[in-house]
Colleague: 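My questions will all concern the structure given below.
Each ligand, and each atom within it, is numbered from 1 in the order the structure gives.
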Amino acid sequence: MTKWISRRKFGQLLGAAAGAAALPGVPKAAIVQAEPEITSAPRRFPEGFLWGSATASYQVEGAVHEDGRGPSIWDTFSHTPGKTHDGDTGDVADDHYHRYKEDIGLMSDLGLTTYRFSIAWSRIFPEGVGTRNPKGFDFYDRMLDTLLEAKITPYCTLYHWDLPQALQDKGGWQSRDTAKTFADYAGVVAEHLSDRVRYFMTVNELRTYVNAGYESGVHAPGLMLDRKGLAQVAHYAVLGHGLAVEAIRAHAKPGTKVGFADNPQAATPVIETPEHIAAAERAMREENAMYSNVIFEGRYTDAYLKKLGPDAPHFTQEEMKTIGSPLDFLGLNVYTGDFVRADESSPVGYAMVKRPASSPHMYSDWLFVAPEALYWAPKITAKIWKLKEIYITENGCSSADVLTQDGHVYDSDRIMYLRNYMTQLHRVVSEGVPVKGYFLWSLLDNFEWADGYLKRFGITYVDFKTQKRTPKLSSGYYKEVIRRNGLV
Ligand code: BG6
């Protein structure tokens, strides 16, 4: 009953505003004067804050058979029946390989100051190792030159999951050799590109390619290992990162900055009180013991090793030193948060809060709405790992976008999501936490891995039949944020 009354009242008020000019006895001028003034202070970001977008090679490039590119595990996986939605593949994707100029034009229209892209390893080394493909760099050279002409600063990821298939055939990340081979490739790319690229990220989201690729099998290469096997793969993945850091430092031009982009479990205090905040800090270390934490601390936590017992990975002290190589920055991919509460009865001093079934999420089932994560992830990681430079290397969401007949996409839910997350971003930046830039995922709708083309994350709508790009309403929103360097 109450609900009904308040809704009806709301409707009446709306009606009053819309039909204001027709209200008897109310002069039009009075209504104009009654418009509320915007009184809140403009919530600006520091000067020089970078506004970007991110993509990844297999998700946008297409052209999988062109210019000597070798097959990757995602070619194999997506062409295996039943692995992706509707059997979708990245064969064409956004055809960015041929349309990169148009896409950089979209970036310029938005006012982006930076762009994060990834290199397809098998374009440079079709077999992953051995002879370099002379045409391999041509595309990236062309793309980077166009980007720099547009005054957009490139951030380069060396591994966004498209391992050359030839290396998978030799064991993939189950083999220690892959870590070493990755470092060789990273050194070659850094040597070639560091005259134009200053920021390199070794890998993107260790947790995703290890756990989805080797535990649940929902991503390439689609394996389901036991606990011991998985822990060893995770170890080789962080070792690959560490060896790549050393190789980049050895081969890149002086002044090159090295980091990685990770999606740590974004431990978020369920209530912002000292005991829950302390619990979230503990959780950030322990829940990420095998990925970000071992990279920043150069050792596995005691609790992690104890929990694994005989299933703990084999490692040497020399490897741990490599894994813990000092970094210049951390990239955080933050989509959702994991709520944590204090728990004195637990040996680790915290408990993860199970999400009630009513928790709101975006169009992807996993993407629970937790804007506070964009405050707490940088805040906690900066504190516990003593970071001086952080980027939000991915943030964004899927939406059930519809292209209207007259050619618009009114993705109001994406704007709602972005506005809430950016409010938390502003909060953390205002406190002096060293977040230097933000990359929205994604510039374009693209091949969303196992979801194929079903889930759209772009702020630009892509008609995959015609490759026509249509900026969505959220693109207009982001453009305004960039123009003001502040919240809208
Ligand atoms: C991030 C990845 O985890 O999430 C992106 O780095 C990916 O590559 C994005 O596109 C969305 O994930 P998904 O699995 O829903 O496509």
Colleague: So if I count the atoms of ligand 1 from 1 in the order they appear, which ones are less than 4.0 Å from some heavy atom of Gln59?
Modeller: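 Those of ligand 1 that fall under 4.0 Å from Gln59 are 5 (C), 7 (C), 8 (O), 10 (O).
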Colleague: With only distance considered, is Glu394 within less than 3.5 Å of ligand 1 through an N or O on each side?
Modeller: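 There is such a contact, yes.
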Colleague: Report yes or no: does Ser399 contribute a side-chain atom to a donor-acceptor pair with the main-chain N or O of Asp411 at less than 3.5 Å?
Modeller: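 Side chain of Ser399 to backbone of Asp411, a donor-acceptor pair under 3.5 Å: no, none is there.
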Colleague: So does Arg227 pair up with Asp311, basic N to acidic O under 4.0 Å?
Modeller: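 Result for this pair is yes, salt bridge flagged.
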Colleague: Taking distance alone, with no angle check, do Trp161 and ligand 1 share an N/O pair under 3.5 Å?
Modeller: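 Between Trp161 and ligand 1, no N or O pair is found under 3.5 Å apart.
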Colleague: Give the atoms of ligand 1, by number and element, whose distance to some non-hydrogen atom of Glu448 is under 4.0 Å.
Modeller: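 Reading through ligand 1 atom by atom, the close ones are 7 (C), 9 (C), 10 (O), 11 (C), 12 (O), 13 (P), 16 (O).
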Colleague: Judged by non-hydrogen atoms, does Asn204 sit under 4.0 Å from ligand 1?
Modeller: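 Per 4.0 Å heavy-atom rule, Asn204 contacts ligand 1.
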Colleague: At their closest point, which heavy atom of Ala93 faces which heavy atom of Gly62, and how far apart are they?
Modeller: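 Here Ala93 and Gly62 meet closest at CB-N, 4.0 Å.
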Colleague: For ligand 1, find out whether one of its N or O atoms is nearer than 3.5 Å to an N or O atom of Trp366.
Modeller: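 Looking only at distances, the answer is yes, because the N/O contact criterion of under 3.5 Å is met.
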Colleague: Backbone or side chain, does any N or O of Asn446 fall under 3.5 Å from an N or O of ligand 1?
Modeller: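 There is no such contact.
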Colleague: Would you please say whether a donor-acceptor pair under 3.5 Å links the side chains of Tyr159 and Glu205?
Modeller: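 Side-chain D/A pair, Tyr159 to Glu205: absent.
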Colleague: Report the nearest protein non-hydrogen atom to atom 9 (C) of ligand 1: residue, atom name, distance rounded to 0.1 Å.
Modeller: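 Heavy-atom neighbour on the protein nearest atom 9 (C) of ligand 1: Tyr335 OH, 3.6 Å.
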Colleague: Taking the six-membered ring for Trp, is the centroid-to-centroid distance between Phe439 and Trp441 below 6.0 Å?
Modeller: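 For Phe439 and Trp441, the ring centres are not under 6.0 Å apart.
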Colleague: Do the ring centers of Tyr391 and Tyr438 come within less than 6.0 Å of each other?
Modeller: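 Between Tyr391 and Tyr438, the centre distance exceeds or equals 6.0 Å.
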